[in-house]
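Written below as structure tokens is the structure these notes are about.
A, B, ... follow the sequence lines: proteins, then strands. Residue 1 opens every chain.
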Amino acid sequence: MLRRRFGFQHWWPGESTDEIVIGAVLTQQTSWKNVEKALANLKRENALSINSISRIGQRKLERIIKPAGFYRQKARRLRNISASMIGQYGSLDAFLHMKKTDIRKALLEFDGIGNETADAIILYAADKRIFVIDAYTKRIISRVYGFEKDIGYEELQKTISENLKGREWIYKDFHAQFVRLGKEFCRTKPFCENCPLDEVCKSI
DNA sequence: ACCCAGGTGGCCC
DNA sequence: GGGCCACATGGG
């Protein structure tokens with residue numbers, strides 16, 4: 001199993017790479033509380049692995065992950081992703097041991113995995129350095145950069161990554177901080193009163 | 001009775 | 001390349 005050396009490894013509460021990948025898809029536009037219920041159901045059904053999901057039936061999987069919302073879509077996507085990982089790459093482990101750029105390319109070809117989910121999987125499951133940009137990060141960064149209009153995902157990622165040079169170790173911590181702070185202070189608006197994020201943002 | 005959550009893909013222009 | 005929309009449950 002891949003190891004993570006630095007803090008916040010418990011921030012993504014997966015105990016296995018399978019759980020992290022499955023959780024990454026389930027949590028799309030969904031609160032983690034609901035995802036936890038779905039993950040608990042999977043565990044109880046002995047289906048919390050890419051291998052099991054590649055063999056489970058659509059209806060059964062729908063029933064199991066229902067609390068996570070978008071359950072028909074997510075069941076279909078998880079089954080396809082799992083079947084492809086096993087069928088084309090042999091195993092999840094083999095898949096995650098490829099080069100970072102190859103993993104990202106392969107992930108983006110799956111239906112149901114976009115930039116953010118791909119990068120979360122690369123950072124937390126494959127344990128390779130990449131900066132994950134989610135809604136919270138975008139919101140906070142937009143403060144620092146004076147609310148730059150419509151900056152694309154990969155452009156924003158590149159900008160941040162360049163500014164992180166020499167401090168790669170903070171990738172996981174930084175993302176976690178963004179999510180925590182974003183939840184607390186910047187829920188809906190790019191700007192808010194008395195926001196204590198300025199200091200944090202300056203440290204980019 | 002709203003609004004939101006650790007997105008993605010399809011369709012339209 | 002941007003602006004909507006569907007997808008669905010559970011919590012505030």
- Message: side chain to side chain contact (heavy atoms under 4.5 Å, CB included), that's the test. Do E45(A) and K60(A) meet it? Break it down for me.
- Response: CA-CA 10 Å; E45(A) 299 280 339; K60(A) 186 173 182 192; 3.8 Å; yes
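- Following rounding to the nearest Å, Q29(A) (CD) and dC4(B) (P) show an atom-to-atom distance of 10 Å.
- When the side-chain nitrogen and oxygen atoms of T30(A) are compared with OP1 and OP2 of dG10(C), none of them lie within a distance under 4.0 Å.
- Nearest nucleotide to the side chain of R72(A), out of dG10(C), dG7(B), dA8(C): dA8(C).
- You'll find that the side chain of F70(A) is closest to dC7(C), out of dT8(B), dC7(C), dA5(B).
- In this structure, CD1 of I133(A) is placed 16 Å from C1' of dT8(B), rounded to the nearest angstrom.
- Atom OH of Y153(A) is separated from atom C1' of dG9(B) by 17 Å (rounded to the nearest Å).
- Between the CD atom of E116(A) and the P atom of dG9(B) there is a distance of 11 Å, given to the nearest Å.
- Of the candidate nucleotides dA5(B), dT9(C), dG7(B), dG7(B) has the atom lying nearest to any side-chain atom of Q28(A).
- At whole-Å resolution of the value, CG in N34(A) and P in dC4(B) are 17 Å apart.
- Among the atoms of the strands shown, base atoms are found under 4.0 Å from some heavy atom of Q73(A).
- Both R77(A) and S31(A) lie close to DNA chain C; mapped to their nearest nucleotides by heavy-atom distance, the more 5′-ward contact belongs to R77(A).
- If you check dG10(C), dA8(C), dT8(B) against the side chain of Y71(A), the one that comes closest is dA8(C).
- Residue F110(A) is in sugar-phosphate contact alone, with no base atom involved, counting any heavy-atom pair closer than 4.0 Å across all strands shown.
- Taking the P atom of each, dC5(C) and dC4(B) are spaced 15 Å apart, rounded to whole Å.
- Salt-bridge annotation for K158(A) and E162(A): present, with a side-chain N of the basic residue lying under 4.0 Å from a carboxylate O of the acidic one.
- A salt bridge is defined here as a Lys NZ or Arg NE, NH1 or NH2 lying under 4.0 Å from an Asp or Glu carboxylate O, and E154(A) with R104(A) meets this definition.
- In summary, K105(A) and E109(A) engage in a salt bridge, as defined by a charged side-chain N under 4.0 Å from a carboxylate O.
- Nucleic acid contact for K74(A): none, since no nucleic acid atom lies under 4.0 Å from a heavy atom of the residue.
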- Message: Before you tell me yes or no, could you show the steps for T27(A) and T30(A) under side chain to side chain donor-acceptor pair (under 3.5 Å), namely the whole-Å CA-CA distance, both residues' side-chain angles and the distance that decides it to 0.1 Å?
- Response: CA-CA 5 Å; T27(A) 198; T30(A) 302; over 6 Å; no
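- Here dT8(B) presents its P atom at 10 Å from CG of D134(A), a figure rounded to the nearest Å.
- Taking the P atoms as reference points, dA6(C) lies 15 Å from dC3(B), given to the whole Å.
- Contact annotation for K37(A): backbone-only contact, meaning every heavy-atom pair under 4.0 Å involves sugar-phosphate atoms and none involves a base.
- The distance between atom CG of D111(A) and atom P of dG10(B), rounded to the nearest whole Å, is 6 Å.
- Taken to the nearest 0.5 Å, the CG atom of L107(A) stands 8.0 Å off from the CD1 atom of I81(A).
- Here dG10(C) presents its P atom at 14 Å from NZ of K33(A), a figure rounded to the nearest Å.
- On the P atoms, dA8(C) is 15 Å away from dG10(B), given to the nearest whole Å.
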